Amino acid sequence: QVPLVESGGGLVQAGGSLTLSCAASGRASRNSAMGWFRQAPDKEREFVAAMDWSGIRIKYADSVKGRFTISRDNGKNTLSLQMNNLKPEDTAVYYCAADFLGAGGSDERDYDYWGQGTQVTVSS
């Protein structure tokens with residue numbers, strides 16, 4: 001069983017919105033902080049947003065603050081990323097990740113499980 005599966009990517013015009021979802025299963029769905037990362041072509045993977053298990057501690061990359069909103073539903077084992085006012089520089093493959101028993105944060109080395117990624121393309 002794949003622990004994390006993303007969905008919701010696609011093509012959108014600049015200024016538009018998309019919502020990404022991540023379905024968690026197994027260990028990745030329990031007591032895990034979760035986060036979103038992204039990787040643009042020819043660039044390193046970078047942190048986007050993260051939320052701890054309780055949903056109280058939330059962190060965003062400066063580049064997405066005020067435009068993206070991370071949320072989770074522990075009863076449904078899902079993580080979401082609402083992306084508004086999208087820009088061409090948001091184009092990337094977006095990855096969901098789980099930090100089992102961790103607090104979650106911006107360092108990808110803290111994360112134990114990763115999804116396969118979903119492509120987001122923002123046209124100008």
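Fair warning: this is a prediction, and the values are worked out from it, not measured in the lab.
The minimum heavy-atom distance between Tyr111 and Gly105, with the atom names listed, is OH-O, 2.7 Å. Nearest heavy atoms, Ser21 versus Ser80: OG-OG, 4.1 Å. Among all heavy-atom pairs drawn from Ala14 and Pro88, the shortest one is CB-CD, 4.1 Å. Scanning all heavy atoms of the two residues, the minimum distance from Gly55 to Met51 falls at CA-CG, 3.6 Å.
Between Val120 and Leu18 the shortest side-chain heavy-atom distance falls below 4.5 Å. Using a 4.5 Å heavy-atom cutoff, the side chains of Lys59 and Ser106 are in contact. The side-chain heavy atoms of Phe47 and Asp107, taken from C-beta on, include no pair separated by under 4.5 Å. Under the 4.5 Å side-chain criterion, counting only non-hydrogen atoms from C-beta, Trp36 is in contact with Cys96. The shortest distance between side-chain heavy atoms of Glu6 and Leu20 does not fall below 4.5 Å. The shortest distance between side-chain heavy atoms of Thr91 and Glu89 does not fall below 4.5 Å.
Cluster annotation: Val48 and Val5 are assigned to distinct hydrophobic clusters (Ile/Leu/Val/Met/Phe/Trp/Tyr, side-chain heavy-atom contacts under 4.5 Å, transitive). Hydrophobic clustering (side-chain heavy atoms under 4.5 Å, transitive across Ile, Leu, Val, Met, Phe, Trp, Tyr) groups Val64 together with Val12. Two different hydrophobic clusters hold Leu86 and Val93 under the rule that ILVMFWY side chains link at heavy-atom gaps under 4.5 Å.
The existence of a salt bridge linking Asp62 and Lys65 is confirmed by a sub-4.0 Å separation between a basic side-chain nitrogen and an acidic carboxylate oxygen.
Of the possible polar contacts, one joining the Thr118 side chain to the Gly9 backbone as a donor-acceptor pair under 3.5 Å is found. A donor-acceptor pair under 3.5 Å links the side-chain atoms of Ser32 to the main chain of Arg30, judged by distance alone. Side chain of Arg45 to main chain of Arg38: no donor-acceptor pair is present (N/O by atom type, distance under 3.5 Å, no hydrogens or angles). Between the side chain of Arg67 and the backbone N or O of Ser63, at least one donor-acceptor pair lies under 3.5 Å. The main-chain N or O of Leu101 is never found under 3.5 Å from a side-chain atom of Asn31 such that the two would form a donor-acceptor pair. Checking side-chain atoms of Asp99 against main-chain N and O of Gly104 turns up a donor-acceptor pair under 3.5 Å. Counting only distance, with no hydrogens or angles, the side chain of Asp73 and the backbone of Lys76 share a donor-acceptor pair below 3.5 Å.
Between Met34 atom CE and Asn77 atom CG the span is 8.5 Å, to the nearest 0.5 Å. With values rounded to the nearest 0.5 angstrom, Phe37 atom CZ is found 12.0 Å from Tyr95 atom OH. Here the OG1 atom belonging to Thr78 is positioned 9.0 Å from the CZ atom belonging to Arg72, to the nearest 0.5 angstrom. From Ile58, atom CD1 reaches atom OG of Ser71 across 8.5 Å, with rounding to the nearest 0.5 Å.
Under the 3.5 Å distance criterion, with hydrogens and angles disregarded, a donor-acceptor pair is assigned to the side chains of Thr19 and Gln82. For the residue pair Ser17/Asn84, the side-chain donor-acceptor check at 3.5 Å is satisfied.
By the 30° and 60° cut-offs, the orientation of the rings of Tyr94 relative to Phe68 is tilted.
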Take Trp53 and Asn74 through the test side-chain contact (heavy atoms from CB on, under 4.5 Å) and record every step on the way to the result. CA-CA 8 Å; Trp53 171 253; Asn74 290 340; 3.7 Å; yes
Test side-chain contact (heavy atoms from CB on, under 4.5 Å) applied to Leu4 and Cys22, step by step: CA-CA 6 Å; Leu4 298 170; Cys22 176; 3.8 Å; yes
